[in-house]
Amino acid sequence: NFFKVACRNLLRNKGFSAINITGLAVGMAAAILILLWIQNETTYDQFHQNKNRIYEVWNRVPMEGKVQSWNTVSAPLARVLEKDLPEVERAVRVMNTSSFLFSVGDKKLVKSGNMVDTGFLQMFSFPMLQGNPATALNNIHGVVLTEKAAKSLFGKEDAMGRVVKLKDQGDFTVTGVLKDLPNNTRFDFEFLISIANLKYGVGQDLGWNDNSTPTYVLLKPNANYAAVASRIKTLKQRYVEDAKNMKWELFLYPLDRWRLYSSFTNGVEDGGGRSTFVKLFGIIAAFILLIACINFMNLSTARSEKRAKEVGIRKVVGARKGALIGQFIVESVFLALLAGIAAVIMGAIAVIAGARSVYAILAFAFVGYAAMGNLREFWIGMRARHRAHGESRRPHDRAVREQRHRVAQEPVDAELEQHAGQDHRAGRRRLDVRVGQPRVQREQRDLDREREPERGEAPDLAVPRIRDGRELVQVGRVR
């Protein structure tokens, strides 16, 4: 019954219901999109199987009275880590993203990718559709493509074993196909080739004096992080004399802190970075949802006058307090459920349309709230105008009701005047019939009147009444 009544109220007040549901849905959709963005930020690179053992090598160097920290080191350090630290299972270098011209027959496309060490796909768990991650990069002339890149080059044909030509690099054989990268990873490439293909430019020497190579370390399962951190701290000073004079230090930074906390001040993590934005937008999501709920309640309050009449009628017919509370709770939950469904649909459409950045999400929320605010104010204004129009008609309606009452009273007055000189009981009985008094009630009253003299009560008297300058007799009882 509650559900039926809720549906009827929803259909009876289509304008109010549409504005209320849409306003709440916009707020819920914005909050959902922001929460999805927060979830995406907090799960960066968390899909790797060895995520708890993967670290990035950072520098910490005193310069100009401050301690500077950055995450690119010397290229030879990777092999030194594997040799000098037995706790290190594998060290991998990833050169910065480069773009190459790929040629397959008459088709030529520019793709961006990385040169990496052979153990890259063994350290990081990027799903492979074809090929062996342990051997895919062993061939210096082998290339690993993402699924999207393979389709763009070869269409629906099988890419494994096909030959592609890279400008300035020669011919390469496709040795693996990776599933397209998720959007919550720091890596962004369409192909991978061996770092052995790296060609130095004029005057370029990736030796100890160069610090531009991102290097990652995979520790052994039972390795003691504290012991490794103390030993790697002065490792560069053992190979470079200038590093000893500069008090150059190295440290390992865990994978789960790369995205949100990699902000350093004077060589110490300062708690800033993207974590501040994540917390801020979490508060914004809660604030948007709160505003949506307040708007929902405000619109419901705007209908309180009409609902108050409904509550009064329900109480008259015997509705209990619990039933009234249950009815309103069911209606609110039903509207919120519809708003939630609409919010999910809006969120899906926004994601498909490309609203994945937090700025696009906030723009969606702003535009939605602006539109719903205008509609809400329009609806409230129309309601106020309708109420004012009704109040202006009340004096006219009251006059009409009084005129109708006078017209209805004329026959009654004539009846009273006609029977004033007759037995007032007979006249009263006939009058009762005219006004429609129930028969049982009339008979009981007449019986009581017949018994009145026996109880010593005063008889009925005629009470005079003045109407239009004439004295009329109104039958009444004076005790």
Practice prompt. Could you tell me whether the side chain of T215 and the main chain of V57 form a donor-acceptor pair under 3.5 Å?
Written response: no
Practice prompt. Give, for atom CD1 of I345 and atom CD1 of I349, the distance between the pair rounded to the nearest 0.5 Å.
Written response: 7.0 Å
Worksheet item: Hey, are the side chains of V217 and L85 touching, using non-hydrogen atoms and a 4.5 Å cut-off?
Response: no
Discussion item. With heavy-atom distances below 4.5 Å as the criterion, would you say the side chains of L77 and T213 are in contact?
Written reply: no
Worksheet item: Considering all heavy atoms of both residues, which atom of E41 and which atom of L260 are nearest to each other, and what is their separation?
Response: O-CD2, 4.0 Å
Worksheet entry | Point-to-point distance, once rounded to the nearest 0.5 Å, from CD1 of I341 to CE of M346 | 12.5 Å
Fill in: Set of residues satisfying ring-ring contact (aromatic ring centres under 6.0 Å, His included) with respect to F120, sequence neighbours excluded
F124, F126, F187
Practice prompt. Write down the atom of S230, the atom of A227, and the distance for their closest heavy-atom approach.
Written response: OG-O, 2.8 Å
Worksheet item: Would you call P221 and R53 a side-chain contact if the rule is heavy atoms closer than 4.5 Å?
Response: yes
Worksheet item: Do side-chain atoms of Y225 reach the backbone of L252 as a donor and acceptor pair under 3.5 angstrom?
Response: yes
Worksheet item: How about H141 and D171: do any of their side-chain heavy atoms sit closer than 4.5 Å?
Response: no
Practice prompt. Report yes or no: does W258 contribute a side-chain atom to a donor-acceptor pair with the main-chain N or O of P254 at less than 3.5 Å?
Written response: yes
Worksheet item: Of F277, Y44, F281, which is the lone residue that meets ring-ring contact (aromatic ring centres under 6.0 Å, His included) with W37?
Response: F281
Worksheet item: Less than 4.5 Å apart, any side-chain heavy atom of K51 and any of D256?
Response: no
Fill in: Listed partners of N245 passing side chain to side chain contact (heavy atoms under 4.5 Å, CB included), at least two apart
E241, D242
Practice prompt. Would you check if the side chain of R60 reaches a backbone N or O of G267 as a donor-acceptor pair within less than 3.5 Å?
Written response: yes
Item to complete: Decide yes or no on side chain to side chain contact (heavy atoms under 4.5 Å, CB included) for F296 and L335, but give the supporting numbers first.
Response: CA-CA 10 Å; F296 182 83; L335 289 176; 3.9 Å; yes
Practice prompt. Spell out, as yes or no, whether a donor-acceptor pair under 3.5 Å connects the side chain of S194 to the backbone of I140.
Written response: no
Fill in: Within-4.5 Å side-chain heavy-atom neighbours: V116 and I195
no
Worksheet item: Going by heavy atoms in the side chains, are Y55 and V228 under 4.5 Å from each other?
Response: no
Practice prompt. Any chance you could lay out the side chain to side chain contact (heavy atoms under 4.5 Å, CB included) test for L24 and N295, step after step, and finish with the verdict?
Written response: CA-CA 8 Å; L24 184 59; N295 289 338; over 6 Å; no
Worksheet item: For K107, does the NZ atom have more than 12 heavy-atom neighbours from other residues, nucleotides or ligands under 6.0 Å away?
Response: yes
Fill in: Intermediate values then yes/no, side chain to side chain donor-acceptor pair (under 3.5 Å), D45 and T185
CA-CA 5 Å; D45 288 308; T185 178; 2.6 Å; yes
Worksheet item: So which heavy atom on G273 is nearest to which on S263, and how close?
Response: N-CB, 3.5 Å
Worksheet item: Are any side-chain N or O atoms of Q130 and backbone N or O atoms of V177, one a donor and one an acceptor, separated by less than 3.5 Å?
Response: no
Worksheet item: With no hydrogens and no angle check, is any side-chain donor or acceptor of N184 less than 3.5 Å from a backbone partner on T43?
Response: yes
Fill in: Ring centre gap for F100 and F172 strictly below 6.0 Å
no
Response to the item:
Applying salt bridge (Lys or Arg N to Asp or Glu O under 4.0 Å) to D84 and not counting sequence neighbours gives R238
Fill in: Point-to-point distance, once rounded to the nearest 0.5 Å, from CD of Q122 to CG of D117
11.0 Å
Practice prompt. State whether the side chain of T22 and the backbone N or O of I19 hold a donor-acceptor pair below 3.5 Å, judged by distance alone.
Written response: no
Fill in: Residue pair T175, L137: steps toward the side chain to side chain contact (heavy atoms under 4.5 Å, CB included) verdict
CA-CA 8 Å; T175 56; L137 294 170; 5.6 Å; no
Discussion item. Going by the rule salt bridge (Lys or Arg N to Asp or Glu O under 4.0 Å), which residues pair with R90 if we only count those two or more places apart in sequence or in a different chain?
Written reply: none
Response to the item:
Distance col, row F251:CZ vs K233:NZ, nearest 0.5 angstrom, shows 11.0 Å
Fill in: Separation of S99 OG from K167 NZ (nearest 0.5 Å)
12.5 Å
Discussion item. R231: which residues meet the salt bridge (Lys or Arg N to Asp or Glu O under 4.0 Å) condition with it, sequence neighbours left out?
Written reply: E87
Discussion item. For Q46 and L255: C-alpha separation, side-chain torsions, deciding distance, then whether side chain to side chain contact (heavy atoms under 4.5 Å, CB included) applies.
Written reply: CA-CA 8 Å; Q46 295 299 307; L255 178 147; 3.7 Å; yes
Side-chain donor-acceptor distances from residues 144-152 under 3.5 Å, at least two apart:
{"from": "T146", "atom 1": "OG1", "to": "A149", "atom 2": "N", "distance (Å)": "3.3"}
{"from": "S152", "atom 1": "OG", "to": "K111", "atom 2": "NZ", "distance (Å)": "2.8"}
{"from": "S152", "atom 1": "OG", "to": "K148", "atom 2": "O", "distance (Å)": "3.4"}
{"from": "S152", "atom 1": "OG", "to": "A149", "atom 2": "O", "distance (Å)": "2.7"}

Worksheet entry | Side-chain heavy atoms of L192 within contact of L121, under 4.5 Å | yes
Worksheet item: How far does CE of M115 sit from CE of M95, to the nearest 0.5 angstrom?
Response: 8.5 Å
Item to complete: Specify the closest pair of heavy atoms between S125 and Q49, including all atoms of both residues, with the distance to one decimal.
Response: OG-N, 3.0 Å
Worksheet item: Are the side chain of T72 and the backbone N or O of P214 linked by a donor-acceptor pair below 3.5 Å?
Response: no
Practice prompt. Show your reasoning for whether side chain to side chain donor-acceptor pair (under 3.5 Å) applies to N50 and E89.
Written response: CA-CA 12 Å; N50 300 320; E89 179 177 326; over 6 Å; no
